[in-house]
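Keep in mind that what you see is a predicted model, and the values were worked out from it rather than measured.
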Amino acid sequence: MSKATKKPKPDLLVIGWMEHLDLPDLDVRQLKAKIDTGARTSALHATHIEVFDNDGIEWVRFQTQISDDAPTHWAECPVYDRREIKNTSGVPEVRIVIRTRLKLTNKSWLISVSLADRSNMTFPMIIGRTALKKHNIAVHTRRANLTSS
C-alpha cells in the first residue's frame with residue numbers, strides 16, 4: 001500500500017494521567033480512572049462477582065462503585081474471557097474479563113476489562129495500554145482531566 005492510499009490518522013488526543021470517563025454499556029458515568037500504561041489490561045473495581053447462564057451464554061453480574069460516596073451499582077454483561085493477570089503485587093490470579101465500550105470525550109470504543117476488588121486502591125478503574133492502542137492517544141504524565149470540559 002502506498003503512502004497516498006493509507007488511511008489518515010485521527011487527530012492526536014492528549015489525555016491526562018487521570019481522567020473521568022463513561023462505560024455506557026454498564027451504565028457507569030464519570031468514573032475516575034488512572035491511565036496506567038504500565039498495565040497491559042484495564043481493570044474495574046467489582047465485588048459480589050457472580051457468573052450465571054443466560055440462554056446458554058455465560059454472563060457475569062457484579063457490583064461496582066465509582067467513588068466512596070457514590071451508591072453501589074449492579075451491572076451484568078457477557079463473560080468475554082478468563083485470564084491470568086498479575087495483581088499489583090505481581091502475583092498472577094485468574095480474573096473474569098468483559099468487553100465494554102469506553103467513552104472519552106466524543107470518542108467511544110470497545111475495550112477488555114478485568115474485574116477485580118480494587119477497594120484498597122485509590123482509583124476504581126485503571127486503563128491499561130491495550131485499551132489505548134490504535135486510537136492515537138498520548139498520555140500527559142503531569143496533567144489530569146484534560147478531556148473534561
Side-chain angles (χ1 to χ4, degrees), residues 1 3 6-51 58-149:
M1 183 186 294
K3 286 187 178 189
K6 275 191 175 176
K7 185 176 167 188
K9 280 189 177 178
D11 289 338
L12 180 67
L13 173 62
V14 179
I15 63 175
W17 66 270
M18 176 186 74
E19 291 291 344
H20 285 80
L21 51 86
D22 297 337
L23 302 173
D25 299 339
L26 303 177
D27 198 28
V28 172
R29 310 269 182 248
Q30 290 300 296
L31 177 66
K32 184 168 86 171
K34 178 180 179 185
I35 312 303
D36 187 353
T37 58
R40 180 180 298 133
T41 309
S42 300
L44 175 65
H45 172 62
T47 58
H48 302 93
I49 300 170
E50 177 186 321
V51 175
E58 189 176 42
W59 276 55
V60 64
R61 175 184 301 121
F62 59 93
Q63 202 171 43
T64 190
Q65 190 173 14
I66 65 167
S67 67
D68 290 340
D69 55 350
T72 56
H73 170 74
W74 283 96
E76 293 183 355
C77 59
V79 171
Y80 177 70
D81 198 5
R82 279 187 173 76
R83 291 187 198 148
E84 195 171 84
I85 296 172
K86 289 181 184 171
N87 65 20
T88 52
S89 303
V91 178
E93 55 188 35
V94 176
R95 291 190 192 166
I96 290 175
V97 176
I98 62 170
R99 294 278 285 167
T100 190
R101 278 183 306 133
L102 168 105
K103 185 173 184 298
L104 193 59
T105 66
N106 61 347
K107 298 175 186 258
S108 176
W109 64 93
L110 273 176
I111 64 168
S112 295
V113 179
S114 72
L115 302 178
D117 186 342
R118 296 183 53 79
S119 52
N120 294 330
M121 305 294 173
T122 305
F123 295 90
M125 183 170 198
I126 58 166
I127 302 296
R129 63 183 175 269
T130 55
L132 306 175
K133 242 184 189 174
K134 300 180 184 170
H135 294 282
N136 209 26
I137 293 174
V139 181
H140 195 304
T141 58
R142 294 185 311 238
R143 302 275 309 273
N145 295 311
L146 292 178
T147 62
S148 301
S149 28

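In Tyr80, the OH atom is not crowded: 12 or fewer heavy atoms of neighbouring residues, nucleotides or ligands sit closer than 6.0 Å. Crowding of Lys86 atom NZ: a count of heavy atoms from other residues, nucleotides or ligands under 6.0 Å not exceeding 12.
Side-chain contact between Arg99 and Asp25 is absent, with no heavy atoms from C-beta onward closer than 4.5 Å. Looking at Arg61 and Cys77, their side chains never come closer than 4.5 Å, going by heavy atoms from C-beta outward. Side-chain contact between Gln65 and Pro124 is absent, with no heavy atoms from C-beta onward closer than 4.5 Å. Side-chain contact check for Leu23 versus Met125: some heavy-atom pair is nearer than 4.5 Å. When side chains are defined from C-beta on, Arg82 counts as touching Val51, because their heavy atoms get closer than 4.5 Å. Using a 4.5 Å cut-off on side-chain heavy atoms (C-beta onward), Leu44 and Thr100 make no contact.
Here the NE2 atom belonging to His20 is positioned 9.5 Å from the OG1 atom belonging to Thr147, to the nearest 0.5 angstrom. Of the inter-residue distances, the one linking Asp22 atom CG with Gln30 atom CD reads 5.5 Å to the nearest 0.5 angstrom. To the nearest 0.5 Å, the span separating CD1 on Ile98 from CH2 on Trp59 amounts to 10.5 Å. To the nearest 0.5 Å, atoms OG1 (Thr122) and NZ (Lys32) are separated by 7.5 Å. Considering CG of Leu26 and NE2 of His73, their distance stands at 6.5 Å, rounded to 0.5 Å. Here Arg101 contributes atom CZ and Ile111 contributes atom CD1; the two are 11.5 Å apart, rounded to the nearest 0.5 Å.
The side-chain contact (heavy atoms from CB on, under 4.5 Å) test with Val97 is passed by exactly one of Val60, Ile85, Val79: Ile85. Evaluated for a side-chain contact (heavy atoms from CB on, under 4.5 Å) with Ile127, the options Leu102, Thr37, Ile137, Asp36 yield exactly one hit, Leu102.
The two residues Leu21 and Ala33 make their nearest non-hydrogen contact at CD2-CB, 3.6 Å. Of all the heavy atoms in Ser112 and Arg83, the pair that sits closest is OG-NH2, 4.0 Å.
Of the possible donor and acceptor atoms, none in the side chain of Thr130 sits under 3.5 Å from a partner among the backbone N and O of Thr41. With hydrogens and angles disregarded, a donor-acceptor distance shorter than 3.5 Å links the side chain of Glu19 to the backbone of Leu146. Thr64 places no side-chain N or O within 3.5 Å of a backbone atom of Ala46 that could act as its donor or acceptor partner. Ser42 contributes no side-chain N or O that, together with a main-chain N or O of Ser114, makes up a donor-acceptor pair within less than 3.5 Å.
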- Message: Is there a side-chain contact (heavy atoms from CB on, under 4.5 Å) between Leu132 and Ile35? Walk through the geometry before answering.
- Response: CA-CA 9 Å; Leu132 306 175; Ile35 312 303; 3.7 Å; yes
- Would you check, one step at a time, whether the test side-chain contact (heavy atoms from CB on, under 4.5 Å) holds for Ile49 with Phe62? CA-CA 4 Å; Ile49 300 170; Phe62 59 93; 4.0 Å; yes
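Pairs engaging residues 120-146 under the salt bridge (charged side-chain N to carboxylate O under 4.0 Å, His left out) rule: none recorded [sequence neighbours left out].
Using cut-offs of 30° and 60° on the angle between ring planes, the pair Trp109 and His135 is parallel.
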